[in-house]
Structure formats: C-alpha cells, structure tokens
Amino acid sequence: MSTVFDVNSLARENIRKLVPYMSARRLGGNGDIWLNANEYHTAPDFQFSEKTLNRYPECQPVTVIQRYADYTDLQPEQVLVSRGADESIELLIRVFCEPGKDAVLFCPPTYGMYGVSAETFGVEQKKILSSADWQPNITAIQNNLDRVKLIYICNPNNPTGNLIDPAALRQILELARNRAIVAIDEAYIEFSPQNTTIHWLKEYPHLVILRTLSKAFALAGLRCGFTLASADIIALMLKVIAPYPLATPVADIAAQALTATGIRAMQNRVEEIIANRAYLQAALDELILVEKVFPSETNYILVRFTNAELVFRALWDQGTILRDQQKQPGLENCLRITVGSRSECERLVNAIATLCKQTQQVQETENP
C-alpha cells in the first residue's frame, strides 16, 4: 500500500512556519497606477552594449565597483556589489550569525526582510519596537544586546519615511562597539544625501551601509545593490557571496547609471520627486478622510486615514494600487503611497477627494 509523500515533512520546521515577505508584485493587483513599491514612474533609457554573454561575468565587476567607490568617495575595496541590497542583508547574517546561538536586532515598524532573512537562516530575532516618533528605543536596545551579532537600522526608515536621529545612531554604534555589526540601510538616502553615514566608516569599523540602484536611480528591475564597509568586512562577505552575483547586462547598465551623466539624471529625478511629494502631502492634508500625513525624506509618504481599508479597496478597484501597512506595529489605518508622476499624484488626490464626498453624502443620509 503506497502512501502519499508530503515534501513538507522534509523541510526545516522554521521554513514550514515562515510567513514570506509579501513584495508589491507578490501581492498582485490589476491597475494602471502603481504606487505601492516605491518605484520611479518612467523607465530610464539605457542600451545594453556588452556582448560577451558566452562568458561568465566578473564576481565583482571592476568598472561598477570603481564608479560606485568614486560616487561615495570610498576605496574600491570598501565596496561590494550584489543582487539588490536584499542579498547583502542575507550575506551579513551568513557571515556573522550562527543559527541557534546568535541573534539579530531591528526596530519595527521597518523593512520586513530583516526578519524574514533571519528566520530563513534560523537566527533569533530581537524586535525592539520604535518609540512613538519612530526613533530607536535606546534603553531597550541596550537591555537586549545579549547574543546580538547584527543590528539593522533603516535610515530613512521604510515604511515611515522618517530619518533616524544621528545622535541615536551614534549611541547604537557605541553600544555595539566590539560586540556587533551595525548595518544602516540607506536605500532611500539619495532623497536626503546630507544625512548619509558614509563619513562615519573610518570612526566605526563595525559599521556597514547598504545601498541600492532601485530607488533614486530608477532601476528597481535591475536588482543591483551595494555594501559599503571596511575592507575587512567586505573580504568576509566575498567569501560567501555567489560566484557570479551580477549578470553581465546588469553590470553593464549599472556602470552606465554611475557615470557623471547618470548621476546628474538621478539628481534631477530626485528634485522632481521631492516637488511632487510636497504637492501630494499638501493636497492630501486637506481631505477629510486623511487623519495625518507624516513627514518624509523618501520617495513615498505614509498617511493615516480615518478608514484605511475603505480607501485602499476603493482605489484598488479603480486601478490605483497602494501599500497597506496596517499589520505593522503602530501603523493602524496607515497606507504607504509612492510619489508618482504629477499626473498620477493628481489622479490619486482626485480619487480620494471623490471618496470623501461620497462618504459625506452617506453620513448625511444616515444622520439627516
């Protein structure tokens, strides 16, 4: 008598229980205005020029590394390029954390992949909730550093959009000195470049900075990220990275994006997004369904509505896709909205304004 084979019986227990990170594309939707993934609304124009697809690519493409080093005023040996910053998040765990022994620490509400990556590798997670203004709770962090080898801080923070107080970052770095790596995720730093911590690398040898071409460089589909750290940390990460992390077309286009022309285009794009962000914040702040529009130093804004589910579903049905953040701690009735083109922002505002009028009419009918 044969029995039905259940492959789940062979899987690790923590993977069977794992709730995967639900990216924007994984969540789906059927729309024509995508404001849920913090992408740029128009594809930049790059031409693939490298023709050596019959050969394996360099593990660390020299031109890409040198140009990013020049962009950040670092030495090439302080730069590692990977398949998005997400790969760097995992590489750090693989290098520094022993499953069942060590822990990683991060401060929700924040980027979900820190927790998913730790769980995937069987590494304990210490989740220290941020304070009411989304700043790190330094006392709680200090009291929970036992066995912590790696601390993730997102700055500016996703999904809240706020900057972390530099004094708090320094406190965390001092607490972690000689005991843990502090990885500051600067995926959105081009929207607030004066707040980078790159110039702290000489002072803090345990500091790691994560970067990406997905946001301000408008290359989310390229999947190209960077780790900035001491040469010693980069050398350790090179021991565990995949042999060919960047496909030849990816390296080719990344190198083009990091030319002087590419960087100027990125900076112009940032100016456009910041202007559209200001418009969107001011326009939404006038609507009755909006309880609060939070300040942002990124290409998205976090908005608390009186009824986030109503707004999310109504816009979803109209083809405008937002990002629901209500399951994150402290983000009840909050939606994250990518800053799109001016026409996309205007269409969003008009749709919510129409919903406000409809809601008012219903209320007046029910309470004459």
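Residue numbers start at 1 and run along the sequence shown. What's counted below: heavy atoms across the whole structure, side chains too, no hydrogens, waters or symmetry copies.
Under the 4.5 Å side-chain heavy-atom criterion for grouping Ile, Leu, Val, Met, Phe, Trp and Tyr, I138 is not connected to L129 through any hydrophobic cluster. L173 and I141 fall within the same hydrophobic cluster, where Ile, Leu, Val, Met, Phe, Trp and Tyr residues are linked whenever their side-chain heavy atoms come under 4.5 Å apart, directly or through other members. If you chain together hydrophobic residues whose side chains sit under 4.5 Å apart, I128 and W134 never meet in one group. V123 and L210 fall within the same hydrophobic cluster, defined by Ile, Leu, Val, Met, Phe, Trp and Tyr side-chain heavy atoms under 4.5 Å apart, directly or through other members. Note on F294 and I352: separate hydrophobic clusters, where clusters join Ile, Leu, Val, Met, Phe, Trp and Tyr whose side-chain heavy atoms are under 4.5 Å apart, directly or indirectly.
Of all heavy-atom pairs spanning N14 and E119, the tightest one is ND2-O, 2.5 Å. Residues I233 and P205 share a closest heavy-atom pair of CD1-O, 3.4 Å. Considering all non-hydrogen atoms of both residues, R67 and A255 come closest at NH1-O, 2.7 Å. Shown here for L355 and A314, the closest heavy-atom pair between the two residues is CD2-CB, 3.9 Å. Nearest heavy atom pair, residue L80 against residue L238, reads CD1-CD2, 3.7 Å. I337 and L348 make their closest contact through CG2-CD2, 3.6 Å (heavy atoms, listed as atom of the first residue, atom of the second, distance).
In this structure, W316 and F312 have tilted ring planes: the angle between them lies in the 30° to 60° band.
A donor-acceptor pair under 3.5 Å links the side-chain atoms of K126 to the main chain of N144, judged by distance alone. A donor-acceptor pair under 3.5 Å is formed between the side chain of N155 and the backbone N or O of I164. Between the D86 side chain and the M113 main chain, no donor and acceptor come within less than 3.5 Å of each other. Formation of a donor-acceptor pair under 3.5 Å by the D102 side chain with backbone atoms of V148 is not found in this model. Side-chain atoms of E344 come within 3.5 Å of backbone N or O of S341 as a donor-acceptor pair. The main-chain N or O of V81 is found under 3.5 Å from a side-chain atom of Q60 such that the two form a donor-acceptor pair. Judged by distance alone, with hydrogens and angles left aside, the side-chain atoms of T338 form no donor-acceptor pair with the main-chain N or O of G340 at under 3.5 Å. Between the side chain of Y152 and the backbone N or O of I89, at least one donor-acceptor pair lies under 3.5 Å. Judged by distance alone, with hydrogens and angles left aside, the side-chain atoms of Q326 form no donor-acceptor pair with the main-chain N or O of L335 at under 3.5 Å. The backbone N or O of V182 lies less than 3.5 Å from no partner atom in the side chain of H206, so there is not a single donor-acceptor pair.
Contact annotation: the side chain of F226 approaches that of V64 to within less than 4.5 Å [non-hydrogen atoms, C-beta and beyond]. Residues Y114 and V104 form no side-chain contact, since every pair of their non-hydrogen atoms from C-beta on lies 4.5 Å or further apart. You'll find the side chain of F48 stays beyond 4.5 Å of the side chain of Q256, heavy atoms only. Between V349 and L280 the shortest side-chain heavy-atom distance falls below 4.5 Å. Contact annotation: the side chain of R223 approaches that of S214 to within less than 4.5 Å [non-hydrogen atoms, C-beta and beyond]. Counting heavy atoms from C-beta outward, I234 and L236 have side chains that stay 4.5 Å or more apart. Using a 4.5 Å heavy-atom threshold, the side chains of C97 and E124 count as separate. Between I321 and L315 there is no side-chain heavy-atom pair separated by less than 4.5 Å.
Atom-to-atom distance recorded for I151:CD1 and I181:CD1 is 9.5 Å, nearest 0.5 angstrom. R83 CZ to L222 CG: the interatomic distance, rounded to the nearest 0.5 Å, is 13.5 Å. Atoms CZ and CD1, on R94 and I241 in that order, are 8.5 Å from each other to the nearest 0.5 Å. With values rounded to the nearest 0.5 angstrom, L74 atom CG is found 11.0 Å from S230 atom OG. Taken from CG in L92 to CD in E87, the straight-line distance is 10.5 Å, to the nearest 0.5 Å.
Within a 6.0 Å sphere centred on CZ of R55, other residues, nucleotides and ligands contribute 12 heavy atoms or fewer. Within a 6.0 Å sphere centred on CG of D32, heavy atoms belonging to other residues, nucleotides or ligands number more than 12. Atom CZ of F5 has more than 12 heavy atoms from other residues, nucleotides or ligands within 6.0 Å. Surrounding CG of N178 are at most 12 heavy atoms belonging to other residues, nucleotides or ligands under 6.0 Å away. For E174, the CD atom is densely surrounded, since the number of other residues' heavy atoms within 6.0 Å is greater than 12.
Side-chain atoms of D133 and S131 form a donor-acceptor pair, as typed in the model, at a separation below 3.5 Å. Between N38 and Y188, the side chains place a donor N or O and an acceptor N or O closer than 3.5 Å (distance only, hydrogens not considered). A side-chain donor from one of E272 and Y40 sits under 3.5 Å from a side-chain acceptor of the other. Side-chain polar atoms of T261 and T259 form no donor-acceptor pair below 3.5 angstrom. If you check the side chains of Q135 and S130, you find no donor sitting under 3.5 Å from an acceptor. With no hydrogens or angles considered, a side-chain donor-acceptor pair links N157 and T110 at under 3.5 Å. Residues R211 and T196 bring a donor and an acceptor atom of their side chains to less than 3.5 Å of each other.
A salt bridge links R170 with E203: at least one charged nitrogen is closer than 4.0 Å to a carboxylate oxygen. Remark: E309 engages R313 in a salt bridge, criterion side-chain N to carboxylate O under 4.0 Å.
With R336 as the fixed residue, the side chain to side chain donor-acceptor pair (under 3.5 Å) test singles out one of N158, T298, T160, N36: N158.
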Show your reasoning for whether side-chain contact (heavy atoms from CB on, under 4.5 Å) applies to Y71 and M266.
-> CA-CA 12 Å; Y71 170 59; M266 176 273 291; 3.4 Å; yes
Go through the steps to decide whether K215 and E190 satisfy the test salt bridge (Lys or Arg N to Asp or Glu O under 4.0 Å), and finish with yes or no.
-> CA-CA 8 Å; K215 311 305 179 186; E190 276 83 9; over 6 Å; no
I274 and V270: CA distance, side-chain angles, deciding distance, side-chain contact (heavy atoms from CB on, under 4.5 Å) verdict | CA-CA 6 Å; I274 289 174; V270 166; 3.7 Å; yes
Verdict with supporting geometry, E346 and N350, side chain to side chain donor-acceptor pair (under 3.5 Å) | CA-CA 6 Å; E346 290 172 350; N350 290 336; over 6 Å; no
Walk me through it: do L302 and N162 pass the test side-chain contact (heavy atoms from CB on, under 4.5 Å)?
-> CA-CA 10 Å; L302 186 73; N162 65 291; over 6 Å; no
Please step through side-chain contact (heavy atoms from CB on, under 4.5 Å) for the pair C334 and K292, ending with a clear verdict.
-> CA-CA 9 Å; C334 286; K292 184 170 184 178; over 6 Å; no
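Applying the side-chain hydrogen bond (donor to acceptor under 3.5 Å, both in side chains) test to residues at least two apart or on different chains, the pairs with a partner in residues 273-288 are N276-R342.
F191 and Y300 have their aromatic ring centers separated by at least 6.0 angstrom.
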Ignoring hydrogens and angles, write down the donor-acceptor pairs under 3.5 Å from the side chains of residues 242-251, residues two or more places apart or on other chains.
none

